[in-house]
Amino acid sequence: MSTIAVVGSLNIDLVIRAPHCPKKSETVVGGPFGMSGGGKGSNQALAVSRLNAKSYIIGCVGDDDFGRRLRAVLTENGVDCRHLQTRKESATGTAVITVTDDGESSIVISQGANALLNEQAILDAKQIFTASDAALFQMESPPQTVAAGLRLARQTGCRTFLSAEPPFSLPSEAWRNIDYMILNERALSFYAGHVHFKGDVLLQAEAILARGVRTLIVTRSAKGGMVFTSGGENFSFDAFNIRTVDHTGARDAFCAGLCVALSEGMPIKAAARFASACGALACTIIGAHPSLPWRHQVSALLGEAADDEYEL
C-alpha cells in the first residue's frame with residue numbers, strides 16, 4: 001500500500017442545480033440543493049483513501065459544525081486527520097457552486113480557515129512526509145505554504161505533486177521542487193507567462209519544464225490530456241466516454257489517481273489512463289465528495305483486459 005500526504009484546502013460545498021449560470025443582476029430559479037464536503041485538499045485526500053492508499057490530510061478547519069462534519073467524513077473514510085488543525089479564529093472554508101444542466105459549474109470560495117495554513121503547520125507534519133511515498137499539493141492554500149511544503153517534501157524524500165489550480169503565482173524556489181505538475185489549459189497559459197507562447201501548448205509546456213518541473217500533465221476534460229517530461233517523453237491520452245452530470249471534483253480525482261498509480265509503480269502512460277478513469281467517474285455524480293470513485297469502480301471502468309504491465 002502506498003502512502004500519500006495531502007496538503008491543502010477543506011470546504012463545505014453548497015451546490016445548486018440551475019439551467020444556466022446567472023448573468024449580472026439576473027436571478028435564476030434553480031433545482032435541487034445539496035451540501036457536501038469539498039475543497040481540493042479534502043477531495044484529494046478522500047480520493048486517495050478510496051483508491052486503497054494510506055492517506056494523510058494536512059490543513060485547517062474552523063471550530064464549527066462544518067469543520068466537525070469534514071473531520072468526521074474524512075475519518076470515516078480512512079483518512080488520517082492527526083494534522084488537521086481546528087482554528088478558533090476563523091470559520092471553515094465554504095464554496096457556493098452552481099451546476100448547470102450540461103454539467104459545467106461556477107464556484108465562489110470563501111477561504112476561511114484555509115488561509116491560516118502556514119509554514120509551521122508544514123514543519124509540524126515533517127514525520128508524515130518522512131513516512132510517505134508522495135506529497136500532493138494544490139493552490140487553494142497560501143503560495144508560501146505550498147512552497148515550504150514542496151521544499152520539505154523533497155528534503156524528506158517524497159515524490160511531489162502539485163495540482164496547480166486555481167492559478168496563483170508561485171515563489172520562484174518552488175518550481176525545482178515539483179516532480180509532477182497537473183493543470184488545465186487555462187492554468188498552463190497563466191504559468192507559461194509569455195504572450196508569444198499563447199495557443200502553442202508545446203512551447204508553454206517547455207517554458208514550465210525549463211524552470212525545473214520534471215513532468216507536466218495538461219488535462220483537457222473530454223479531449224483527454226497531454227504529458228510532457230523533462231526527458232522528452234511526450235504523449236497524449238484519451239478521455240473516457242461517459243455521460244457528464246457534474247465536473248466538480250473530477251480534476252481532484254484525476255490528481256489523486258495519478259499520485260496513487262505512480263506511487264504504486266505504474267509507468268506514466270498506464271498511470272495517466274488510470275487517473276483519467278478516476279476523473280471520468282467523478283463526472284457521473286453531483287457533488288465533490290459523493291462523486292470520488294472507489295478502487296473497484298476504477299478497475300471496472302478500465303476493464304478486465306488491463307495491460308499486464310501493471311496491476312489494478
Checklist entry - Quick one: do Arg68 and Asp63 make a salt bridge, cutoff under 4.0 Å? => result yes
Checklist entry - What's the verdict on side chain to side chain donor-acceptor pair (under 3.5 Å) for Glu140 and Ser9, showing C-alpha distance, side-chain angles and the deciding distance? => result CA-CA 6 Å; Glu140 287 182 346; Ser9 59; 2.4 Å; yes
Item to check | Member of Leu123, Ile128, Thr130 meeting the side chain to side chain contact (heavy atoms under 4.5 Å, CB included) criterion with Lys126 | outcome: Thr130
Item to check | Greater than 12 external heavy atoms within 6.0 Å of Lys269's NZ | outcome: no
Checklist entry - Quick one: do the Gln144 and Glu119 side chains pair a donor with an acceptor below 3.5 Å? => result no
Checklist entry - Is there a donor in the side chain of Gln204 and an acceptor in the side chain of Ser189, or the other way round, less than 3.5 Å apart? => result yes
Checklist entry - Would you call Arg295 and Glu264 a salt bridge, taking side-chain N to carboxylate O under 4.0 Å as the test? => result yes
Item to check | Asp252/Lys40 ion pair, N-O < 4.0 Å | outcome: yes
Checklist entry - Does Asp101 CG have over 12 foreign heavy atoms under 6.0 Å away? => result yes
Next on the checklist: Within this structure, what is the CD1-OH distance for the pair Ile217 and Tyr180, rounded to the nearest 0.5 Å?
Outcome noted: 7.5 Å
Next on the checklist: Within the 3.5 Å criterion, strictly below it, is a donor on Asn177 or Thr160 matched to an acceptor on the partner's side chain?
Outcome noted: no
Pairs under 3.5 angstrom only: tabulate donor-acceptor contacts from the side chains of residues 22-31 to other protein residues two or more places apart or in another chain.
from: Glu26; atom 1: OE1; to: Lys23; atom 2: N; distance (Å): 2.8
from: Glu26; atom 1: OE2; to: His20; atom 2: NE2; distance (Å): 3.0

Next on the checklist: Can a side-chain donor-acceptor contact be found between Thr219 and Arg251 if the only test is distance below 3.5 angstrom?
Outcome noted: yes
Checklist entry - Is any NZ, NE, NH1 or NH2 atom of the basic residue among Asp238 and Lys223 found under 4.0 Å from an Asp or Glu carboxylate oxygen of the other? => result no
Checklist entry - Can you say whether the rings of Phe129 and Phe137 are parallel (under 30°), tilted (30 to 60°) or perpendicular (over 60°)? => result parallel
Next on the checklist: Please tell me whether Thr86 and Arg71 have a donor and an acceptor in their side chains that are separated by less than 3.5 angstrom.
Outcome noted: yes
Item to check | Hydrophobic cluster identity match, Phe274 and Trp294, side-chain contacts under 4.5 Å | outcome: no
